[in-house]
Amino acid sequence: ALAEPGWEGEADTRAALGEMAYRAEDWAGAEKAYEAALEKRPRDPEFLGCLGMARLWAGKFPEARKALELTLAMLESHCRGNVRVDLPRR
């Protein structure tokens, strides 16, 4: 059963549902679950990166690009590195 709203691990539960949907190649289900996880933990680069990949596989290229670029920016800020990745435009 899903966690009760406000439960501390709700974001992780939603992300686990996203992972199951992703593995089943249910891109819409994965996207919905990762969006729900991000509502609970909006600055989680893992959730955001997974959302970006689900959108990429779903063919939602502009939305995927936005999520993946934000993920890279979050990781760059976290690591204090100087990483820049230019994704191809479509």
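Residue numbers run from 1 in the order of the sequence given.
Note: L68 CG to L48 CG = 7.5 Å, rounded to the nearest 0.5 Å.
In this structure a side-chain-to-backbone donor-acceptor pair under 3.5 Å is missing from Y34 to G49.
Put simply, the side chain of R55 does not reach to within 4.5 Å of the side chain of K66, judged on heavy atoms. When side chains are defined from C-beta on, L56 counts as touching M53, because their heavy atoms get closer than 4.5 Å.
The minimum heavy-atom distance linking D44 with E46 is given by the pair OD1-N, 2.9 Å. Of all heavy-atom pairs between A30 and A54, the closest is CB-CB, 3.9 Å. Nearest heavy-atom pair across A37 and A15 is CB-N, 3.8 Å. Scanning all heavy atoms of the two residues, the minimum distance from A33 to R14 falls at CB-O, 3.4 Å. Here the closest heavy-atom approach between residue A67 and residue G52 is recorded as CB-CA, 3.7 Å.
Ring orientation note: the planes of Y22 and W27 are nearly perpendicular, at an angle over 60° on the 30°/60° scale.
A continuous path of ILVMFWY side-chain contacts below 4.5 Å connects F47 to L70, so both sit in one hydrophobic cluster. A continuous path of hydrophobic side-chain contacts links F61 to W57 [ILVMFWY only; heavy atoms under 4.5 Å].
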Derivation of the salt bridge (Lys or Arg N to Asp or Glu O under 4.0 Å) call for K40 and D12 | CA-CA 9 Å; K40 299 296 176 186; D12 293 319; over 6 Å; no

